[in-house]
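Worksheet: the structure to be examined is printed underneath.
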Protein chains: 2
Amino acid sequence: MSGGEENLLKLVEADEPEENDYHLQEQVGFILRKAHQRHVAIFAAHIADLTPPQFAALAKLRDIGETSQNQLGSLIAMDAATVKGVIDRLKARGFVELSKHEVDKRRLLVNLTAEGRDAIERLIPVAREITEETLAPLSAKEAATFMRLLAKLA
Amino acid sequence: MSGGEENLLKLVEADEPEENDYHLQEQVGFILRKAHQRHVAIFAAHIADLTPPQFAALAKLRDIGETSQNQLGSLIAMDAATVKGVIDRLKARGFVELSKHEVDKRRLLVNLTAEGRDAIERLIPVAREITEETLAPLSAKEAATFMRLLAKLA
DNA sequence: TCAAATTCATTCGTATGCAAATGATATCAA
DNA sequence: TTGATATCATTTGCATACGAATGAATTTGA
């Protein structure tokens, strides 16, 4: 029972076998946040005049055509408050137009304008480059594995 | 040479072998954003009175002790403007205290208060649960692989 | 049928997150 | 030494992101 015993006891005290140290840098949430930050920076470097959420809205509208604002939001993972701001700004830019649903008067329909369609068609090839650059630190095989696992977490 | 030929030609027209369709749901940036959202939701469910960035600041201060605001920011991946807001709110909550650097008068030193230290010590076990729950959709082996690849992207 | 519950959208408040501009201080270099 | 640079912090402006509250319209169910 020589020196250092107290510290050792402290370590073993807890119910679970927890280490005394905690490394923020190794936590999935912290790294996830950094990886997302890096992606956004790559996106901004390629597409300066549109944010990732704005791009997502246009890309989804291209896929499915006219939809209600909330429906669009749920498809691109934005709550009602967030999607409203995104759509407002896209409307101000002339990329989407809004109209009222004839039958269900609660709904606000969103659709691409010709300009919005041109923009998204033009940007999709750039978006492919952004995806490529984001995944560049990984080999093709690693990238495939990563995408598979990431999808499970999302 | 029967019907559909024109569509086929259109597809092959481009320089690169690009598909005509673009699936937002398969883009790494979009999934990364969703995975991050899910993690933040899990975090909030476990720790209601602190955000992930606030937690990160406290955890890092616990690691390294007193530092300047900007230095802390770079360690937890926040720019100067962002870290200022986070520290301001932690100060208002009594979790950190600020002081001027004696030699370099530009620097603003940040340190944990006793209350801040208590809080972070108490929350670290909860943070381990948050990490665990975030990775729960993956097997242990998958989680290890994922963390290794994610770190390469961050 | 009609009251209760649900859905759609808006608004408000709070918290990141980053670019750009600014001011104060410190460091470097001629 | 001093003039040019660089660093630290702050502020402003803009854009997500989400909880909570609200109001309008629709759907449900007893």
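Each chain gets a letter, A, B and so on, in the order the sequences are listed, and its residues count up from 1.
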So does A:R107 pair up with A:D104, basic N to acidic O under 4.0 Å?
yes
Rounding to a whole Å, what distance do you find between B:K84:NZ and D:dC8:P?
17 Å
Considering only NZ, NE, NH1 and NH2 on the basic side and carboxylate oxygens on the acidic side, decide whether B:K152 and A:E142 come within less than 4.0 Å.
yes
Could you check which of D:dA25, D:dT10, C:dG17 has an atom nearest any side-chain atom of B:M78?
C:dG17
Atom-pair distance (CZ on A:R89; C1' on D:dT16), nearest Å
7 Å
Does A:R106 put a side-chain nitrogen or oxygen below 4.0 Å from OP1 or OP2 of D:dT27?
no
Name the nucleic acid region contacted by B:D79, choosing base, sugar-phosphate or nothing; use a 4.0 angstrom heavy-atom cut-off, strictly under.
base
Quick one: closest heavy-atom pair of B:I87 and B:A57, and the distance?
CD1-CB, 4.4 Å
Of the listed nucleotides D:dT11, C:dG17, D:dT16, the one nearest the side chain of A:T82
D:dT16
Quickly work out the B:H101 NE2 to C:dT25 C1' distance and round it to whole Å.
13 Å
Within residues 37-69 of chain A, those residues having any heavy atom closer than 4.0 Å to DNA chain C are A:Q37, A:S68, A:Q69
Return the value, rounded to whole Å, for the distance between atom NZ of A:K105 and atom P of C:dT6.
24 Å
The criterion is ring-ring contact (aromatic ring centres under 6.0 Å, His included); which residues satisfy it with A:F55, sequence neighbours excluded?
A:F43, B:Y22
d(CD1, A:I87; C1', C:dT11) in whole Å:
17 Å
From the candidates C:dG17, D:dG19, D:dA17, the one with an atom nearest any side-chain atom of A:A81 is D:dG19
Pick the nucleotide of DNA chain C nearest each of A:R33 and A:L109; which residue has the one closer to the 5' end?
A:L109
Counting any heavy atom closer than 4.0 Å, what does A:V103 reach on the DNA or RNA strands: base, sugar-phosphate only, or nothing?
sugar-phosphate
For the pair A:D88 and A:K84, find out whether any cationic side-chain nitrogen is under 4.0 Å from an anionic carboxylate oxygen.
yes
Would you mind telling me which of C:dA9, D:dT26, C:dA26 lies closest to the side-chain atoms of A:L108?
C:dA9
